[in-house]
Amino acid sequence: MRRRIQNLFPIALCCLLAACGGAAGTGGSAPSLPDTQAANLNVAPLPASTDTKGGNVATYLGCPVFTAGDYYNKAVTAAAIDPSSAAYIASVKAAGDTASFYASTGVERVNDANNATPMLTVHPQVSYHQFPLPYPWASNFYIEPLSDKHAMIVKTQSCHLYESYGTGYSGGILSAYSGANWDLTKPFVPMPPGSPSSMASGLSLFAGMVKWEDFQSGSIKHALNWAGIAHSVAQYKFVVPASDTDWLTFNGGNSPQLPYGAHLRLKASFNTSGWGPQSKMVAKAMQTYGVYLSDTGSSGNALYFANAADGSMPWSSSDLSALSKLHITDFDVLKLPPVQTVPGH
């Protein structure tokens, strides 16, 4: 069975932190399709969008984070709820997810590259995940210190995003287990079926992460990534914009399995009175843009946060602790695209 190297034992680091959600990348005998430049892939049809305002796009250091109305920048306040939403939510809970949400802070940081940054060949750690493009990399670039070893790079002059999982850099050699890259000036392009990115789902860690620059802008204008509890979601099922899963067995018996890439929305009736500005802004984004099931972990329902570009950690643990009032039952599953199965399963 293909298996992901997963961070199943979270390490407390800085405020509120249990480790990042489950890892990405697959292992085993059946090769996955390699990373491919976004320009070489077809964009899957987008669900109907309620966001018709051009320019309502999340940005990062002058770069758009994909385009208006695409998967991440699409407002879903009026999107239809899936007929099986209640059954999916019940199955997640029955399979073991009774935990609250939390902000995973202190372990992720975006590396900012420019045209002067050396471009290095990424040496694949397994034969079935290749890196056809070199990555911009400097010797002082940041790699997540936990076992997932995520790395994210934005080349700000070209607005190109590079991500990797299981990243290593030693003796001038850059290596990684799996990863993906995208042109941030274009719509988000899902990976080919059966392909992970730096996360199990094939989604973008960077795009769905709450960045300090989001908070500084006054609003979070994009959907968030959500890492559920391991074994409480689908083993091999996914929907676009996801392309793969964590391959972990589902503990919910014959109940419906929530597929990776499922788009959930925090109920509009959820009361955030008394919350601080950081947690309230996150909740507003979850009600406006929703959350994508992107990965799994072993402790809590993780929402990914990135430190500021300068490496500082300005997040307030007391403010973000309000997110612990959120549970999976506070969300609706939005109408799902056709459910797909990981190739070979």
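One-based numbering along the sequence shown.
Not one N or O on the side chain of D148 forms a donor-acceptor pair closer than 3.5 Å with the backbone of H150. Looking at Q278, its side chain never comes within 3.5 Å of a backbone N or O of D319 through a donor-acceptor pair. A donor-acceptor distance shorter than 3.5 angstrom exists from the side chain of R265 to the backbone of V76, with no hydrogens or angles considered. Looking at N111, its side chain does come within 3.5 Å of a backbone N or O of M152 through a donor-acceptor pair. Between the side chain of K155 and the main chain of I153, no donor-acceptor pair closer than 3.5 Å is present.
In this structure, the side chains of P196 and H129 come closer than 4.5 Å at one or more pairs of heavy atoms. Within the 4.5 Å cutoff, no side-chain heavy atoms of Y72 are placed close to those of P241. Residues L320 and T105 meet the side-chain proximity criterion, which asks for heavy atoms closer than 4.5 Å. D244 is not listed as a side-chain neighbour of Y260, based on a closest heavy-atom distance of 4.5 Å or more. Residues V291 and F101 have side chains not in contact (no heavy-atom distance under 4.5 Å, counting atoms from C-beta outward). Side-chain contact check for C159 versus Y60: every heavy-atom pair is 4.5 Å or farther apart.
Scanning both residues, T59 and D214, for their nearest heavy atoms gives O-OD1, 4.4 Å. Listed here is the closest heavy atom pair of K267 and Q287: O-NE2, 3.0 Å. Taking every heavy atom of both residues into account, F66 and A207 meet most closely at CE1-CB, 3.6 Å.
Environment of CG in N115: crowded, with over 12 heavy atoms of neighbouring residues, nucleotides or ligands closer than 6.0 Å.
In this pair, Y135 and F131 present their aromatic rings perpendicular. The plane angle is above 60°, beyond the 30 to 60° band. Under the 30°/60° scheme for interplanar angles, the aromatic rings of W182 and F188 are found to be tilted.
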